[in-house]
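These notes concern the structure reproduced below.
So you know, we letter chains A, B, ... as the sequences are listed, proteins then strands, and number each from 1.
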There are 2 protein chains.
Amino acid sequence: MQISSRFTIAVHILECIKYFEGKIPVTSDFLSGSIGVNAVIIRRIISHLKAAGLVKVERGRNGVISSRPLDEITLYDVYVAVEAVSSEGLFHFHGNPNPKCPVGKNIHSMLDDSLREIQRVFEEKLKSIKLKDLKSITVDITE
Amino acid sequence: MQISSRFTIAVHILECIKYFEGKIPVTSDFLSGSIGVNAVIIRRIISHLKAAGLVKVERGRNGVISSRPLDEITLYDVYVAVEAVSSEGLFHFHGNPNPKCPVGKNIHSMLDDSLREIQRVFEEKLKSIKLKDLKSITVDITE
DNA sequence: TCCTCCTGTAATATTAATTGTTACATGAAA
DNA sequence: TTTCATGTAACAATTAATATTACAGGAGGA
């Protein structure tokens with residue numbers, strides 16, 4: 001399995017807003033062209049970002065704009081906004097361990113703390129990285 | 001998305017071996033009963049564990065046995081053995097960013113280092129937990 | 001030897017999630 | 001009032017995970 005590409009697409013969208021805002025209207029069609037993904041998918045992801053308060057869309061012809069300082073948004077904010085992982089958590093636990101077996105009866109209590117802890121470390125790492133910490137866009141001066 | 005239940009099932013299998021080895025033959029049918037998952041699924045996971053050198057299966061009537069000290073096996077060993085995550089890594093990167101767009105051209109170089117670092121932290125955490133670190137099986141003395 | 005238990009694996013089905021596509025009603029600006 | 005874009009529904013396509021049935025073949029016990 002892999003974490004849904006909604007996550008990297010959402011970062012791509014935010015970076016486009018950062019780069020183009022005020023210059024070009026950042027519409028879903030425009031984003032679709034930069035990202036290489038269907039415009040409807042883009043709109044669905046934007047509606048997640050909107051619900052999370054990361055961006056705004058003013059109907060009309062202006063496209064998406066930021067609704068808080070983009071640089072301070074963390075990868076965790078984006079990850080949560082687009083529901084990159086199921087609400088049940090990072091690990092999928094098998095559903096029917098047998099309570100009549102001494103191992104089956106205890107497997108949850110044996111593993112749950114550790115799995116939660118792993119997930120916590122993973123999420124803390126996502127929280128520690130803000131958009132401003134990503135490498136900046138390099139310009140090829142020969143162009 | 002979620003990390004495949006193959007991972008928690010594999011841990012369950014190893015805990016069963018730890019608990020029952022030498023007392024009851026740990027067969028795929030027996031494991032299927034404890035885990036609540038079809039025996040063929042169990043056999044497939046066992047064949048992964050075998051390939052990774054964590055367990056042995058001697059044909060005949062003895063079921064699965066350990067092939068190295070179970071307590072020293074880390075969650076990372078199990079995670080890698082069962083291919084809980086695609087070989088491309090934890091994050092699914094969208095496939096066709098547009099090289100003609102300054103953002104599309106740079107999105108990989110902007111994100112890849114950070115994603116690798118997050119994955120590294122996640123895997124280090126898995127490596128830090130051995131089977132012996134899991135909570136032990138509790139026995140209800142009223143039984 | 002023959003029977004039985006078990007493994008390994010193929011083939012196929014089912015389910016769920018992701019991603020893609022078409023279509024269209026509606027809002028806002030020119 | 002035309003034009004451009006959004007929001008969303010409906011549905012298709014794809015992929016991964018999981019379940020199920022079936023069976024050939026190894027190994028031990030009778």
What orientation do A/H12 and B/H94 show, parallel under 30°, tilted 30 to 60°, or perpendicular over 60°? tilted
Starting from P on C/dG8, measure out to NZ on B/K56 and report it in whole angstrom. 14 Å
To the nearest Å, give me how far apart NE2 (A/H92) and P (D/dT18) are. 5 Å
Counting only distance, no hydrogens or angles, is the base of D/dT8 paired donor-acceptor with the side chain of A/R43 under 3.5 Å? yes
Phosphate contact (C/dG8 OP1 or OP2) by B/R44 side-chain N/O below 4.0 Å: no
Does C/dC5 have OP1 or OP2 sitting under 4.0 Å from an N or O in the side chain of B/T27? no
Between A/A39 and B/V57, which residue's closest nucleotide on DNA chain C lies nearer the 5′ terminus? B/V57
Does A/K50 place a side-chain N or O at less than 4.0 Å from the phosphate oxygens OP1/OP2 of D/dT6? no
Select base, sugar-phosphate, or nothing to describe what A/S28 touches, counting heavy atoms under 4.0 Å on all strands. sugar-phosphate
By the rule that ILVMFWY residues connect when side-chain heavy atoms come within less than 4.5 angstrom, directly or transitively, which residues belong alongside B/V121? A/V121
Would you sort out whether A/L31 and A/I46 count as a side-chain contact (heavy atoms from CB on, under 4.5 Å), showing the intermediate values? CA-CA 10 Å; A/L31 287 167; A/I46 288 171; 3.8 Å; yes
Between B/Q2 (CD) and D/dT15 (P), how many Å, whole number? 22 Å
Select from B/P25 and A/V40 the residue whose nearest nucleotide in DNA chain C is closer to the 5' end of that strand. B/P25
I need the CD1-C1' distance between A/I45 and D/dG7, as an integer number of Å. 15 Å
Out of C/dG20, D/dG7, D/dA19, minimum distance to the side chain of B/N38 belongs to D/dA19
Whole angstrom value for the distance that separates P of D/dT18 from NE2 of A/H94: 11 Å
Checking all strands, does A/S5 fall into the base, sugar-phosphate, or nothing category for heavy-atom contacts under 4.0 angstrom? sugar-phosphate
Kindly indicate, with the supporting measurements, whether the criterion salt bridge (charged side-chain N to carboxylate O under 4.0 Å, His left out) is fulfilled by B/K130 and B/D77. CA-CA 9 Å; B/K130 296 182 173 164; B/D77 296 329; over 6 Å; no
Here the distance between atom P of D/dT20 and atom CD1 of B/I42, to the nearest Å, is 12 Å
Under 4.0 Å between a Lys/Arg side-chain N and an Asp/Glu carboxylate O for A/E117 and A/R120? yes
When rounded to whole Å, the CG to C1' distance for the pair B/D29 and C/dT7 reads 11 Å
Without decimals, in angstroms, what is the distance between B/I41 CD1 and D/dA22 C1'? 15 Å
